[in-house]
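Okay, so here's the structure we're looking at.
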Amino acid sequence: MSTSELAPALAREEATDPFVIARETFTSRLLLGTGGVPSLETLEAAVRTSGTQLVTVALRRVEASTSASMLKVLDRCGVRLLPNTAGCRTAREAVLTARLAREAFGTSWVKLEVIGDEHTLLPDAVELLDAAEQLVADGFTVLAYTTDDPILGRRLADAGCAAVMPLGSPIGSGLGIRNPHNIALLREGVDVPVVLDAGIGTASDAALAMELGCDAVLLASAVTRARDPERMALAMRQAVEGGRLARLAGRIPRRWHAEASTSFEGLPAL
Amino acid sequence: MQVTVNGEDTQLTAGTTVADLVAARSGGHDRVAVALNGDVVPRSSWPETRISPGDALEVLAPTAGG
């Protein structure tokens with residue numbers, strides 16, 4: 001079947017299966033981070049090819065920030081910006097960073113990230129939940145980057161987070177989803193969208209996240225540090241779409257023994 | 001007067017406002033945020049917020065990030 005013959009089916013899926021966070025509707029279930037991008041040309045190609053509608057950015061001292069042209073590229077692509085609190089180690093730092101980001105970007109959406117140390121970049125659960133509560137109370141739409149702990153995921157959802165974003169494995173590790181069972185449990189335990197964030201290495205990891213029931217995938221390094229970022233962006237887009245369709249279609253149960261797909265009835269005696 | 005801007009000791013003339021500092025330091029960015037002694041200074045308050053000796057300021061701008 002050609003791409004054009006597939007188009008009506010894909011359009012129907014987009015229309016009937018929207019991705020909604022905090023009453024905002026997206027057709028793409030792939031969120032892209034800009035970290036590690038080698039050039040603005042590559043960034044633009046990857047963003048456009050990925051079909052993403054939500055792109056994360058960070059805030060740093062002006063001397064260390066990228067040129068203003070990165071924002072021009074993202075504006076030109078028509079994507080929504082999602083500021084993060086990357087690098088924050090305490091709730092106090094994360095809350096202040098989110099408030100600064102709200103001033104800079106004019107959005108109350110924030111990817112909340114509070115890490116425990118720079119070696120693992122793993123979330124600090126105690127500081128994270130504290131920051132989430134403070135930011136929700138301050139009117140933020142909080143998308144919380146968290147561990148794959150289903151109980152913590154539920155606590156974040158109960159605190160009013162608009163989305164819970166468990167890691168598959170440490171940021172930038174490319175180790176994929178180390179505990180698929182936890183991701184599935186976390187998905188079952190909350191009513192808000194679940195976005196697999198961090199650890200994706202290649203397309204099959206993104207597809208698995210969607211098959212496990214995640215509503216979307218957020219990745220950066222897997223695309224920006226790939227040998228061919230634009231091609232990997234397309235791979236991720238198709239993996240996310242494929243994984244989502246497989247989830248909705250309902251996979252067959254796993255069996256210990258074979259089950260013939262061709263009937264034995266009428267088998268000739270040869 | 002002596003202040004700290006983005007971790008560096010800096011001399012500013014008395015009466016400098018946050019808006020003046022941003023104009024001098026923003027490097028072409030229009031999406032900038034400023035913290036003064038650990039609190040956000042809303043953009044609407046930049047023109048009337050005068051910097052005092054000993055203040056610690058952070059002038060931040062967007063950058064790439066996951």
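Proteins come first, then strands; the chains are lettered A, B, ... in the order of their sequence lines, and each starts at number 1.
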Mind listing the closest non-hydrogen atom pair of [X] and [Y] along with its distance?
| X | Y | result |
| --- | --- | --- |
| A/Leu96 | B/Val40 | CD1-CG2, 3.7 Å |
| B/Ala64 | A/Ala58 | O-CB, 4.1 Å |
| A/Leu71 | B/Pro62 | CD2-CB, 3.4 Å |

Chain B contact via A/Leu219 - side chain, backbone, both or neither, heavy atoms under 4.5 Å: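 Neither the backbone nor the side chain of A/Leu219 comes within 4.5 Å of chain B.
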Using non-hydrogen atoms and a 4.5 Å limit, figure out which bit of A/Ala220 sits close to chain B: side chain, backbone, both or neither.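 Contact with chain B: side chain only.
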Heavy-atom cut-off 4.5 Å, strictly under: side chain, backbone, both or neither for B/Val5 against chain A?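 Neither part, no heavy atoms under 4.5 Å.
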Contact class of B/Val32 relative to chain A, heavy atoms under 4.5 angstrom: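 It is the backbone, since no side chain atom gets that close.
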Assess whether atom CD of B/Gln2 is packed by more than 12 heavy atoms of other residues, nucleotides or ligands within 6.0 Å. yes
State whether the number of non-hydrogen atoms from other residues, nucleotides or ligands found under 6.0 Å of A/Arg48 atom CZ is greater than 12. yes
Taking C-beta and beyond as the side chain, do [X] and [Y] meet within less than 4.5 Å on heavy atoms?
| X | Y | result |
| --- | --- | --- |
| B/Thr63 | A/Val57 | no |
| A/Glu63 | B/Arg25 | yes |
| B/Leu60 | A/Arg60 | no |
| B/Val59 | A/Arg61 | no |

Looking only at heavy atoms and a cut-off of under 4.5 Å, which of A/Leu43, A/Ile171, A/Val37, A/Thr56 has the most pairs with chain B? A/Thr56
Output the option from A/Gly35, A/Ala86, A/Gly33 having the highest count of non-hydrogen pairs under 4.5 Å with chain B. A/Gly35
Check A/Glu103 with B/Arg31, please: is the shortest side-chain N to carboxylate O separation under 4.0 Å? no
As an exercise: rank B/Ala33, B/Pro42, B/Gly66 by heavy-atom pairs under 4.5 Å with chain A and give me the winner.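 Highest number of heavy-atom pairs under 4.5 Å: B/Gly66.
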